[in-house]
Amino acid sequence: MKRWMVQEPVSQDVQRQFPELDDVILQLLWNRGLKTQGEMDIFLGPDWSRDTFGPELFLHMKRAVGRVFQALERAEVITIHGDYDADGTCGTAVLVTTLREICRALRSVSLRGSTPKPRAKRGGTEAISSFDETKITTYIPHREKEGYGMSIETIEHLNEHENTELVITVDCGISNKPAIDRGATLGIDTIVCDHHTMPAQLPTSAILIHPLVPGETFPNKHLCGTGVAFKLASALIVEARNRGGAFPDGHEKWLLDLVAIATVTDVMPLRGENRVLEKYGLLVLNKTRRKGIQKLLDVSGSKLGELDTVSIGFQIGPRLNAAGRMTHASEALDLLVEEDDVRATALAMRLHELNVERQKASQLMFEQAKKQIGEAIGESLIVAYQEGWGAGLVGLVAGKLMNEYHRPVLVVGQDGEKFVGSGRSIEGFDVTKALHYASEFLDKFGGHPQACGFSVSGEERFHKAMEMMKEFAARELKPEDLEPRLTIDAEIPLEKITWELFDELQAFHPFGTGNPVPVFVSRNVSVAAFSTVGRDGGHLKLRLASATGKLVEAIGFGFGSWITKLTYGAQIDVAFEIQVNEWNGNRQLQIRIVDLQTH
């Protein structure tokens with residue numbers, strides 16, 4: 001049973017400060033930490049020119065842009081090194097798309113009245129042709145064989161086989177000082193576009209575009225990796241326009257479909273600038289020009305014009321991530337940059353099939369892990385591991401287990417003496433701090449407060465690392481931290497559920513981390529009718545009545561077992577979201593049950 005945590009109502013003094021706002025809307029804004037008229041106006045009416053930050057605000061953006069254009073002019077090989085999740089592949093696609101467009105736009109400008117120039121090259125000289133898009137290459141590591149981030153082996157491979165002279169990392173790199181330093185000795189420069197937690201030692205030989213680097217003044221500290229890549233791409237487009245490229249004002253906004261996808265899949269807070277990026281990104285996503293995304297929507301049953309953050313989280317994101325989890329993330333990247341209809345269709349079908357395989361495999365792992373864990377009584381942090389569990393699925397299973405047990409979870413796949421794991425954590429517990437606590441026994445680790453990854457060599461070292469992390473969690477977490485909670489925005493009567501309120505709630509879109517769908521509670525309502533619906537009666541359908549006779553239809557997905565606990569006229573408390581039920585052209589307000597309590 002969940003503990004209901006109803007937000008403290010705003011005071012009458014606050015209500016008098018904002019007399020023009022409905023009391024429920026004011027409560028929702030207040031709950032989200034918006035305490036001034038300016039903050040509220042920005043939240044309810046995001047404005048691109050007012051509420052986004054220019055890429056030039058990054059301290060080292062000018063250096064990064066200069067180095068990229070130097071590489072383009074000299075026809076150097078540029079390798080975009082991305083991560084293998086949706087954020088990494090989307091960010092890689094942002095930069096590949098942008099650099100290709102710049103090459104096409106400026107190639108004619110650079111060749112006008114000029115002849116190819118000789119340039120020094122390893123082993124001799126060659127005639128160069130500036131802004132050659134064939135020099136734009138990509139590299140994404142294999143999740144299981146190579147692991148997260150850029151390695152020394154990768155840099156040496158790029159040097160020997162690709163003749164790379166500039167690497168741009170996306171969604172990785174900040175923790176890869178050894179690889180970046182090795183690249184520097186080989187004559188390879190690196191630009192890091194990342195957003196992950198700061199390591200003990202920064203790669204000071206690289207140009208760092210990262211909102212969390214000490215001393216960085218860029219205001220938005222919560223960009224995803226693709227968001228950081230978007231800022232670099234925007235600055236590159238400005239420079240290309242200054243050099244005569246035919247880029248209209250606002251051209252960079254066509255990249256926002258990828259930013260919208262990555263912001264949701266990487267669970268970034270939808271507040272401040274991120275909220276603006278997501279809102280405009282959804283507008284672009286709903287008219288995306290990308291052949292691959294169009295075809296992916298076809299196979300997933302989604303439609304342009306109807307996409308929201310839920311579509312990203314449950315339809316688009318899982319299919320993009322399935323490539324890296326099941327085979328290689330390059331298949332997702334290929335889809336995102338594909339310009340041919342036929343090939344895009346084939347790639348979309350491939351990702352759809354991989355996602356089906358992923359669902360089956362992760363469900364089996366989840367069931368095996370639950371059997372291994374049991375009741376988990378007295379455990380502050382849960383660890384499940386097994387030989388043969390795929391590194392690409394451990395994070396998904398950890399997330400499901402965290403929701404099931406409401407405590408931090410580490411799920412680890414074993415391959416002989418090698419252990420690769422992923423963690424998911426509850427709000428209020430930074431799992432990366434636990435990793436740092438056990439770092440002497442870990443080979444590699446990194447991540448965010450609520451999601452992490454790590455690897456360990458040797459069974460004894462693995463068990464010591466897990467013991468230390470459990471010890472850390474037991475010390476940091478109190479018993480009440482491990483109780484499932486439901487945060488409720490406000491208590492309202494059924495009479496308050498009107499079309500006027502529903503319309504005002506639309507201004508709170510897009511929903512996601514940091515801006516959840518509003519949850520309300522109505523107490524002491526009567527059960528006027530009840531039945532089960534759906535396959536095997538798994539869902540609950542109610543008609544609820546207030547003391548004054550106001551009737552509201554309710555649907556509770558997964559609440560079918562409540563049918564045995566209810567009687568006609570019973571008084572209950574219901575926690576819910578306000579929705580619209582549409583069928584045969586009719587629209588009716590209804591509530592979606594989030595939780596129930598009987599008296």
Side-chain angles (χ1 to χ4, degrees), residues 55-83 88 91-92 94-96 99 119-122 135-141 146-218 221 223 225-229 231-233 235-236 239 436 439 443-447:
E56 71 280 357
L57 295 180
F58 272 102
L59 286 176
H60 304 298
M61 186 61 77
K62 186 175 181 180
R63 283 180 60 207
V65 170
R67 182 63 186 91
V68 171
F69 271 87
Q70 182 185 66
L72 292 173
E73 289 170 335
R74 294 178 176 178
E76 295 176 353
V77 175
I78 302 174
T79 299
I80 315 298
H81 184 299
D83 186 26
T92 302
V94 161
L95 290 177
V96 169
L99 291 175
R119 89 176 257 241
K121 191 188 176 191
R122 298 166 195 165
K135 302 291 186 178
I136 312 302
T137 66
T138 62
Y139 189 92
I140 296 180
E146 298 174 85
Y148 173 74
M150 185 166 64
S151 67
I152 292 175
E153 292 76 15
T154 296
I155 279 289
E156 291 176 342
H157 166 83
L158 294 176
N159 175 65
E160 184 175 349
H161 299 285
E162 304 292 338
N163 291 322
T164 297
E165 290 170 88
L166 174 63
V167 170
I168 307 175
T169 71
V170 179
D171 198 32
C172 60
I174 199 65
S175 296
N176 302 135
K177 176 177 169 59
I180 290 169
D181 288 349
R182 174 58 177 154
T185 67
L186 296 171
I188 299 175
D189 292 331
T190 302
I191 298 171
V192 170
C193 291
D194 200 358
H195 70 129
H196 286 94
T197 306
M198 291 295 97
Q201 287 189 304
L202 293 174
T204 51
S205 61
I207 299 173
L208 304 181
I209 310 297
H210 191 308
L212 300 179
V213 168
E216 176 57 68
T217 55
F218 190 80
K221 304 301 183 183
L223 284 171
T226 300
V228 178
K231 295 297 181 180
L232 175 57
L236 293 171
E239 179 64 18
H436 280 283
S439 60
D443 297 342
K444 291 170 64 177
F445 66 92

Given side chains that start at C-beta, do those of [X] and [Y] come closer than 4.5 Å, heavy atoms only?
X: Val68; Y: Ile168; value: yes
X: Thr217; Y: Leu57; value: no
X: His210; Y: Val213; value: yes
X: Leu59; Y: Phe218; value: no
X: Pro203; Y: Leu208; value: yes
X: Ile155; Y: Leu186; value: yes
X: Ile188; Y: Leu166; value: no
X: Phe445; Y: His436; value: yes

Which distance, rounded to the nearest 0.5 Å, do you find between the [atom1] of [X] and the [atom2] of [Y]?
X: His81; Y: Ile191; atom1: NE2; atom2: CD1; answer: 15.0 Å
X: Asp181; Y: Asn176; atom1: CG; atom2: CG; answer: 10.5 Å
X: Cys193; Y: Asp171; atom1: SG; atom2: CG; answer: 10.5 Å
X: Thr92; Y: Ile80; atom1: OG1; atom2: CD1; answer: 7.0 Å
X: Gln70; Y: Glu165; atom1: CD; atom2: CD; answer: 9.5 Å
X: Glu162; Y: Lys135; atom1: CD; atom2: NZ; answer: 11.0 Å

Please report the closest heavy-atom contact between [X] and [Y], naming both atoms and the distance.
X: Phe58; Y: Glu216; result: CA-OE2, 3.5 Å
X: Ala229; Y: Gly91; result: CB-O, 3.8 Å
X: Ala179; Y: Met150; result: CB-O, 3.3 Å
X: Ser205; Y: Ile180; result: OG-CG2, 3.4 Å
X: Gly149; Y: Pro141; result: O-CG, 3.9 Å
X: Pro199; Y: Ser175; result: CB-OG, 3.8 Å

Do side-chain atoms of Lys177 reach the backbone of Gln201 as a donor and acceptor pair under 3.5 angstrom?
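Checking the backbone N and O of Gln201 against the side chain of Lys177, no donor-acceptor pair under 3.5 Å is found.
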Is the backbone N or O of Ile207 less than 3.5 Å from a side-chain atom of His60, with the two atoms forming a donor-acceptor pair by type?
no
Quick one: side-chain hydrogen bond (donor to acceptor under 3.5 Å, both in side chains) partners of Asp189, sequence neighbours excluded?
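With sequence neighbours excluded, Asp189 shows a side-chain hydrogen bond (donor to acceptor under 3.5 Å, both in side chains) to Arg67, given in chain and number order.
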Run Ile78 and Leu72 through side chain to side chain contact (heavy atoms under 4.5 Å, CB included) and show every step you take.
CA-CA 8 Å; Ile78 302 174; Leu72 292 173; 3.8 Å; yes
Identify which one of Asn159, Ile152, Thr154 satisfies the side chain to side chain contact (heavy atoms under 4.5 Å, CB included) criterion when paired with Arg182.
Ile152
Using the rule side chain to side chain contact (heavy atoms under 4.5 Å, CB included), only one of Val170, Ile209, Val228, Thr169 pairs with Val192; which is it?
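The side chain to side chain contact (heavy atoms under 4.5 Å, CB included) with Val192 is passed solely by Thr169 among Val170, Ile209, Val228, Thr169.
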Within a radius of less than 6.0 Å around NZ of Lys62, do more than 12 heavy atoms belonging to other residues, nucleotides or ligands occur?
no
Judged by modelled atom types alone, do Thr137 and Thr79 share a side-chain donor-acceptor pair under 3.5 Å?
yes
Check whether the ring centres of Tyr148 and His196 lie less than 6.0 Å apart, and answer yes or no.
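For Tyr148 and His196, the ring centres are under 6.0 Å apart.
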Take Leu236 and Phe69, measure what side chain to side chain contact (heavy atoms under 4.5 Å, CB included) needs, and give me the verdict at the end.
CA-CA 8 Å; Leu236 293 171; Phe69 271 87; 3.8 Å; yes
